[in-house]
There are 2 protein chains.
Amino acid sequence: MRLPKLSKLELQIMDALWSFGPSAIREIQETFPQKGRPAYTTVQTMVYRLEIKKALRRMHKIGNAHIFEPLISRDAAQRRLVDDFLGMFGGRMQPVMAQLIEAGNLTSKDVADAEKLLRDLSKRKKEP
Amino acid sequence: MRLPKLSKLELQIMDALWSFGPSAIREIQETFPQKGRPAYTTVQTMVYRLEIKKALRRMHKIGNAHIFEPLISRDAAQRRLVDDFLGMFGGRMQPVMAQLIEAGNLTSKDVADAEKLLRDLSKRKKEP
DNA sequence: TAACATCTATTACCATTGTAGGTGGACTGG
DNA sequence: CCAGTCCACCTACAATGGTAATAGATGTTA
């Protein structure tokens, strides 16, 4: 697996690394809201599993604590996430968009941004 | 759980019911592409689990085969799916859209449709 | 009606995810 | 130097999802 599948909790852990840079387990744990924060060893277990999946690695030590750094980019992980999500809809975009809009998750600004991005992309293709 | 979480395979099974109406297990199984089609009993197991989750129910019998009908609408299930998905992105739409577009999953027609839908929705709100 | 096909119901097993306890080693403040 | 704290490492366990075999009931047909 070049791009391992990451669960929600795994994503949140990676997010800590992406947002705050290489961190110790304690630091990762503390990025969770106090309310409902997982136990230290829970985070530890997930970090170890992410290590096996090669999503992160031990960088160095500070005191006796390991510092971990991400091996997967946020972008790559999100790409994977989007792909799986579309797979759930049989790859058909239409219902996805409709759902996003009707749920009010998509504003006209989002759509405008999307349009601009699309234009830029097609321009880039034509004039490299 | 009013809206149980459905996995990919569960979704595919529900999809058979949504698309073709109340069906027997054999019929559901046969909606899967021959290549990689799950065993009859695999589908059966998932259908039973969906029954426990109250996502579908036995309607009547034909011969000795049960006919199942959906209890959850495609729309409701998709809403749930989209919500979970957005949760993975911390609810921020922007990276989602960017990802969709850059992956080429989103065409200009999709965006145009989205625009129209947005317009219609806001009109409906103003002039009921 | 006897053989055959089909379906139901039950049971099992493995992988993944989330959860965390326990034990022992390493560091630090006094 | 030694007590307390922090951390690493190992182990465990339950829920969920995917996979399916087996056994027994029921229906179909020659």
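Note that the structure is a prediction, hence the values are computed from the model and not measured. Per chain, numbering begins at 1; letters A, B, ... match sequence-line order.
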Residues within residues 60-69 of chain A bordering DNA chain D, heavy-atom distance below 4.0 Å: N64(A), A65(A), H66(A)
Sequence neighbours excluded, every pair satisfying salt bridge (Lys or Arg N to Asp or Glu O under 4.0 Å) that has a member inside residues 16-31 of chain A: none
Backbone N/O of L17(B) and side chain of S19(B): donor-acceptor pair under 3.5 Å: no
Geometric class of the Y48(A)/F68(A) ring pair [parallel <30°, tilted 30-60°, perpendicular >60°]: tilted
Where at least one partner belongs to residues 11-20 of chain B, residue pairs that pass salt bridge (Lys or Arg N to Asp or Glu O under 4.0 Å), sequence neighbours excluded: D15(B)-R74(B)
Under the side chain to side chain donor-acceptor pair (under 3.5 Å) test, residues paired with Y40(A) that sit two or more places apart: none
Any donor-acceptor pair under 3.5 Å from E69(A) side chain to G21(A) backbone: no
Check ion pair D83(A)-R79(A) (N to O, under 4.0 angstrom): no
Minimum side-chain heavy-atom gap L56(B)-M14(B) below 4.5 Å: yes
Sugar-phosphate only, base, or nothing, as touched by S7(A) at under 4.0 Å among non-hydrogen atoms: sugar-phosphate
Terminal contacting nucleotides, 5' and 3', DNA chain D versus chain B (heavy atom, 4.0 Å): dG17(D) to dG27(D)
Under the salt bridge (Lys or Arg N to Asp or Glu O under 4.0 Å) test, residues paired with E51(A) that sit two or more places apart: R58(A)
Contacts of type side chain to side chain donor-acceptor pair (under 3.5 Å), residue E115(A), not counting sequence neighbours: none
Contact residues, residues 23-33 of chain B to DNA chain C [heavy atom, < 4.0 Å]: I25(B), R26(B)
Main-chain N/O of D75(A) paired with W18(A) side-chain donor or acceptor, under 3.5 Å: no
Partners meeting salt bridge (Lys or Arg N to Asp or Glu O under 4.0 Å) with E10(A) (sequence neighbours left out): K53(A)
First encountered from the 5' end of DNA chain C, between E10(A) and T42(A): E10(A)
With K109(B) via side chain to side chain donor-acceptor pair (under 3.5 Å) - residues at least two apart: D113(B)
Distance (rounded to the nearest 0.5 Å) between I13(B) CD1 and I28(B) CD1: 6.5 Å
Members of residues 43-51 of chain B that approach DNA chain D, where some heavy atom sits under 4.0 Å away: T45(B), M46(B), R49(B)
DNA chain C: 5'-most and 3'-most nucleotides touching chain B, 4.0 angstrom heavy-atom criterion: dT6(C) to dT10(C)
